[in-house]
Chemist: 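Take a look at this one; I'll ask things after.
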Amino acid sequence: MDYAFLGVVAAVLLGSITSLWTARVQATHRLSLDNLWVLVQWYLTMMLGFAMIYMILQANGHTVFTPSASSASGDRLSLFGDSLYLSGMTLLSVGYGDVTPIGVGRWIAIAEALLGYIMPAVIVTRTVFDWDHR
């Protein structure tokens, strides 16, 4: 059941990524709040989606990160908190603190970090192309 949910999460993440290329943002200025809102929504979707991936894998016995020292052992809420923290740190920054990816989690973190760095450039590029087409 958890692995089926993992597939759903992956499909939502893929849909979110592809929506940046297919959706049309109607704006009258080069820099618009619409584009900023699209970027914020994308980051939230990616952060929550990757957190769910980390959490599902960790809960099913795959060691993908080292839990924080303050986490309660076996508590799903603590596991989600650590997963969300790991996802946020991976997507939005360069370093890790008390929760670090290990094993296959390192490869997942690389993919997430790559998306975190590429997507602002995609928004800027789309804004410029949309402006040129008007």
Side-chain angles (χ1 to χ4, degrees):
M1 177 68 176
D2 282 338
Y3 291 112
F5 186 66
L6 188 63
V8 170
V9 169
V12 168
L13 287 174
L14 184 60
S16 179
I17 292 168
T18 58
S19 72
L20 285 176
W21 284 278
T22 58
R24 281 285 183 224
V25 176
Q26 298 296 324
T28 56
H29 302 23
R30 281 186 193 238
L31 299 175
S32 72
L33 290 178
D34 292 336
N35 287 344
L36 177 63
W37 181 239
V38 167
L39 187 61
V40 168
Q41 287 176 326
W42 184 87
Y43 271 117
L44 289 174
T45 303
M46 290 295 115
M47 190 166 57
L48 288 171
F50 275 97
M52 294 303 296
I53 290 171
Y54 294 130
M55 183 177 136
I56 290 168
L57 291 174
Q58 190 82 5
N60 285 309
H62 303 281
T63 307
V64 293
F65 64 86
T66 56
S68 65
S70 63
S71 289
S73 180
D75 180 20
R76 290 274 185 178
L77 191 57
S78 293
L79 181 60
F80 180 70
D82 284 346
S83 299
L84 190 59
Y85 173 77
L86 172 63
S87 180
M89 295 305 325
T90 301
L91 192 61
L92 302 171
S93 72
V94 181
Y96 296 101
D98 53 341
V99 179
T100 57
I102 56 175
V104 71
R106 293 179 2 188
W107 294 103
I108 297 169
I110 288 171
E112 184 180 8
L114 182 63
L115 289 171
Y117 286 116
I118 289 175
M119 296 322 287
V122 169
I123 291 290
V124 169
T125 303
R126 281 237 18 232
T127 301
V128 170
F129 284 147
D130 288 348
W131 184 262
D132 285 345
H133 286 154
R134 287 187 215 138

Chemist: Using modelled atom types and a 3.5 Å cut-off, is there a donor and acceptor pairing between side-chain atoms of Y43 and backbone atoms of G116?
Modeler: yes

Chemist: Could you tell me which non-hydrogen atom of L79 sits nearest to which non-hydrogen atom of A59, and how far apart they are?
Modeler: CD2-CB, 3.8 Å

Chemist: Rounded to the nearest 0.5 Å, how far apart are CG of L86 and CZ of F65?
Modeler: 6.5 Å

Chemist: Are the side chains of L57 and I108 in touch, meaning some heavy atoms are under 4.5 Å apart?
Modeler: yes

Chemist: Taking only residues two or more places apart in sequence or in another chain, which ones pass side-chain hydrogen bond (donor to acceptor under 3.5 Å, both in side chains) with S83?
Modeler: none

Chemist: T63: what forms a side-chain hydrogen bond (donor to acceptor under 3.5 Å, both in side chains) with it, not counting sequence neighbours?
Modeler: none

Chemist: Compare every heavy atom of P67 with every heavy atom of V99, then report the nearest pair and how far apart it is.
Modeler: CG2-C, 4.4 Å

Chemist: Is there a donor-acceptor contact under 3.5 Å from the side chain of T100 to the main chain of T66?
Modeler: no

Chemist: To the nearest 0.5 Å, what is the distance between CG (L114) and CE (M119)?
Modeler: 10.5 Å

Chemist: Check whether any side-chain heavy atom of F80 lies under 4.5 Å from a side-chain heavy atom of L48, and answer yes or no.
Modeler: yes

Chemist: Heavy atoms only: give me the nearest S87-M46 pair and the separation to one decimal.
Modeler: OG-O, 4.0 Å

Chemist: Could you state whether I102 and I110 fall into the same hydrophobic cluster, counting links through intermediate Ile, Leu, Val, Met, Phe, Trp or Tyr residues with side-chain heavy atoms under 4.5 angstrom apart?
Modeler: no

Chemist: Would you name the heavy atoms of A109 and T90 that are closest together and state the gap between them?
Modeler: O-CG2, 3.1 Å

Chemist: Could you state the interatomic distance from OH (Y117) to CG (L91), rounded to the nearest 0.5 Å?
Modeler: 9.5 Å

